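The structure appears right after this line, and notes come after that.
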Amino acid sequence: MGVTDFIKGSAGTAPPDSKEITDTSSGSEVVHDLFKPKGGREATFDASSSEVSFYAPIESYEGIHRYDPKFEWEPQEERRIVRKIDYKICAWVCLMFFALQLDRGNISQALSDNMLKDLHMTTNDYNTGQTIFYLSFLCAELPSQLISKKIGPDNWIPIQMVSWSLVASCQAFMRGRSGFWACRALLGMIEGGFIPDNILYLSYFYTGSELPIRLSFFWFAFQFTNIVSAFLAYGILHMRGINGLPGWAWLFALEGTLTGIIGVISWFYLPPSPTQTASKFRGKDGWFNEREEKIMVNRILRDDPSKGSMHNRQALTPKMLWRCFCDYHMWPIYLIGICWLLPSVPISAYLTLNLKAIGFKTFTTNLLVIPAYVLFIINLLFFTWLTERLNERFLLASISQWVPLPLLIALECLPATRSHWVTYALSVLLFAQPYFHAVLVAITSRNAGSVRTRTVASALYNMTVQAGNIIGSNIYREHDKPLYYTGNKVLIALCCFNICLFYGAKIFYVTINKRRAAKWDAMTKEEREHYLTITKDEGNKRQVIRLDFRFAH
C-alpha cells in the first residue's frame with residue numbers, strides 16, 4: 001500500500017474529479033490530487049500524493065497516535081460517525097448556544113414588560129447599555145479565545161456559562177440605569193468569546209464542507225431560543241407582583257438559573273477532542289472505538305492538514321498573535337463582519353419596542369414576534385445549504401442586502417398613517433432577512449489555513465460583528481421614533497454599500513487564487529518539493545505568498 005492511499009476517497013477509491021499526475025515513486029502513471037474534496041469544492045491545499053510528508057501533523061498533536069496515511073474506510077462508516085458526532089457534540093453545542101441566547105436575548109422580552117419605565121430609563125439610556133454590552137463583548141473576544149486555546153474549549157466554555165448565569169440572574173435586582181449598565185458590562189465581558197470558542201471546538205470534529213451546515217444548526221438554536229423564550233416570557237411575565245418583583249425580574253432570575261444548570265453539566269460532558277472522550281462521566285471506554293477514532297482523525301487531516309499543526313492545549317505566542325493580525329488576506333472578511341448585519345441590527349433590537357409603539361399590547365407583542373423567528377430559521381437553513389450545494393458564498397451572501405433594501409425603502413416611503421399591520425409585516429420580513437452568518441464564520445475558519453490563525457481570526461471576525469452591533473444599535477434614536485425615517489435612510493445606504501462589498505470580496509479571492517494557481521501549476525514536481533522544504537508554515541502563507549493554499553469564496 002503506497003502513499004497514494006492517503007489521498008484516495010473514504011472507500012479507498014479516488015474522487016471522480018481528481019486530476020492526474022505522474023507518480024515516480026510507485027511506477028504508476030496516475031496519481032490523484034492530495035486533499036481533493038468531493039462535489040467540486042476547491043481544495044484547501046493544492047498538492048499531489050508525492051508531497052504528503054510535508055503535511056503530516058506535529059508529534060505533539062493530540063490525535064497523532066491515530067494518524068495513518070495508509071488507513072482506509074468505507075463511506076457508510078464515515079456517515080455513521082458523522083451522525084454520532086452530530087448527536088454527541090453538535091447537539092450539545094446547540095444546547096449551550098440556546099443557553100447563551102436565553103440570557104443574552106431575554107432583554108427584548110423584558111422591554112415589552114415596561115422595564116425601561118420601571119428603571120426610569122429612556123430609549124437612549126437603553127442604547128447606551130447595549131453599546132456598553134457590545135463593547136465589553138468585543139473586548140473579551142480575543143482574550144477569551146487565547147484562554148480557550150490554552151486550557152481547552154471543553155474547560156473554558158462551562159466556566160463562562162456558569163459565570164454569566166450568575167450575572168444574568170442578578171439582573172432581577174436592578175433598580176436603575178447604573179445597575180443596568182453594570183450588568184450589561186459584566187455580561188458582555190463574560191459572554192465574549194463564547195461563539196468563536198465553540199467554532200474552534202467544532203472544527204476539531206468536522207471537515208470544512210461539514211462545518212457551515214453545523215453552524216447553521218448553531219444559529220438555528222439561536223432563533224429557536226427566541227421562540228421558546230417568547231412562550232416562556234408569556235408565562236413568566238404574568239408573575240409580575242409576586243414577592244413585589246416585576247415580571248421582567250422573574251424572567252432574568254429563572255432563565256439565568258436554567259443556563260447555569262446547563263453550564264455545570266457541560267463541564268462534565270464536553271470531551272477535549274475526538275480521541276479524548278473517555279472519562280467517569282462519559283464512560284471509561286469513551287464514545288468511540290479505535291477504528292472510529294482513526295477515521296475521525298484521518299478524515300479531518302485529509303480535508304485540512306493544517307489542523308494537525310498545533311495540539312489542543314497549545315497557547316499562542318505574541319509572535320504568532322502578531323502574524324495573525326497582519327494577515328491581510330483575512331481583512332475583507334473582517335470588513336464584511338462590521339457592515340453586513342447593520343441593516344438588520346436596529347429592527348432586531350427594537351422589534352418588540354416598535355410593535356408596542358404602534359399599538360400592540362405586551363403579551364400580544366411577545367407572540368407576534370414568533371413568525372419572524374420561524375422565517376429566520378427557514379432562511380438560515382436554506383441559504384446555508386444552498387451555498388455548499390452551489391459552492392458559492394459571497395455572491396449568494398449579497399442576497400442578505402438585496403432582500404431588506406426594498407423593505408427599508410417601503411418603511412421610508414409609506415406615510416405615518418399606514419396600518420400598524422403593514423409596519424408589522426415589513427418589520428418581520430426585515431428581521432427574517434437571509435442570514436449568512438454561519439457561512440461567513442465557516443469561510444473565516446477555512447481561509448485561516450492554520451490553527452493559530454483560525455483561533456485569532458474567528459475572534460476577530462466576531463469582534464467586527466460586535467462592532468457592527470454597536471454601530472447598528474445607535475442608528476435608531478429617541479427623537480426619530482416611532483417610525484425612524486432618518487434611521488431607515490442610513491440603512492438603505494448601508495445596504496447599497498454592502499452589496500458592493502460582497503462583490504469586491506469575491507473578486508479579491510478569485511484573483512488571488514488564479515495568481516497562485518498559475519505560479520504553482522508552472523512548477524515542476526522537484527520545484528514544488530523544494531518550495532515546501534525550504535519555506536515555513538505561515539498559515540495561509542509561505543513567506544510572502546503561500547502558493548499551495550486556496551481561499552474559499
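Here, residue 1 is the first one in the sequence, and each next residue gets the next number. None of these values were measured; they are calculated from a predicted model. Atoms considered below: every heavy atom in the structure, side chains included; atoms not considered: hydrogens, waters and symmetry mates.
Between E62 and R313 there is no salt bridge, since no side-chain N of the basic residue sits under 4.0 Å from a carboxylate O of the acidic one.
In this structure, H437 has its ring center no closer than 6.0 Å to that of F383. Aromatic ring centres of F217 and W385 lie farther apart than the 6.0 Å criterion allows. Between F194 and W164, the distance separating the two ring centers is shorter than 6.0 angstrom. Ring-centre distance between F71 and Y67: not below the 6.0 Å cut-off.
When all heavy atoms are compared, the tightest approach of G260 to S165 is CA-OG, 3.2 Å.
The closest donor-acceptor contact from the side chain of N298 to the backbone of K294 lies under 3.5 Å. At distances below 3.5 Å, at least one donor-acceptor pair connects side-chain atoms of S400 with backbone N or O atoms of A397. Although no hydrogens or angles enter the test, the distance criterion places a donor-acceptor pair under 3.5 Å between the side chain of R282 and the main chain of F268. Side chain of R389 to backbone of T384: no donor-acceptor contact under 3.5 angstrom is found. Of the possible donor and acceptor atoms, none in the side chain of Y461 sits under 3.5 Å from a partner among the backbone N and O of I336.
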(request) Evaluate side chain to side chain contact (heavy atoms under 4.5 Å, CB included) for I262 paired with M161, printing each intermediate quantity in order. (result) CA-CA 8 Å; I262 296 174; M161 296 180 67; 3.7 Å; yes
(message) Before you tell me yes or no, could you show the steps for Y269 and W287 under ring-ring contact (aromatic ring centres under 6.0 Å, His included), namely the whole-Å CA-CA distance, both residues' side-chain angles and the distance that decides it to 0.1 Å?
(response) CA-CA 11 Å; Y269 184 85; W287 291 340; 5.2 Å; yes
(request) Any chance you could lay out the side chain to side chain contact (heavy atoms under 4.5 Å, CB included) test for L200 and S203, step after step, and finish with the verdict? (result) CA-CA 5 Å; L200 176 66; S203 71; 4.1 Å; yes
(message) Assess the residue pair K84 and E292 against the criterion (salt bridge (Lys or Arg N to Asp or Glu O under 4.0 Å)); give the C-alpha distance rounded to whole Å, side-chain angles, the decisive distance to 0.1 Å, and a yes or no.
(response) CA-CA 10 Å; K84 193 172 182 179; E292 289 174 328; 3.5 Å; yes
(request) Would you please test V82 and R214 for side chain to side chain contact (heavy atoms under 4.5 Å, CB included) and show each step? (result) CA-CA 11 Å; V82 171; R214 272 69 190 182; 3.3 Å; yes
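Under 3.5 Å, the side chains of S273 and Q276 contain a donor-acceptor pair of N or O atoms. A donor-acceptor contact under 3.5 angstrom links the side chains of S144 and W156, judged on distance only. In this structure, a donor-acceptor pair under 3.5 Å is absent between the side chains of D154 and Y204. A donor atom on one side chain and an acceptor atom on the other are not found under 3.5 Å apart for S229 and N106.
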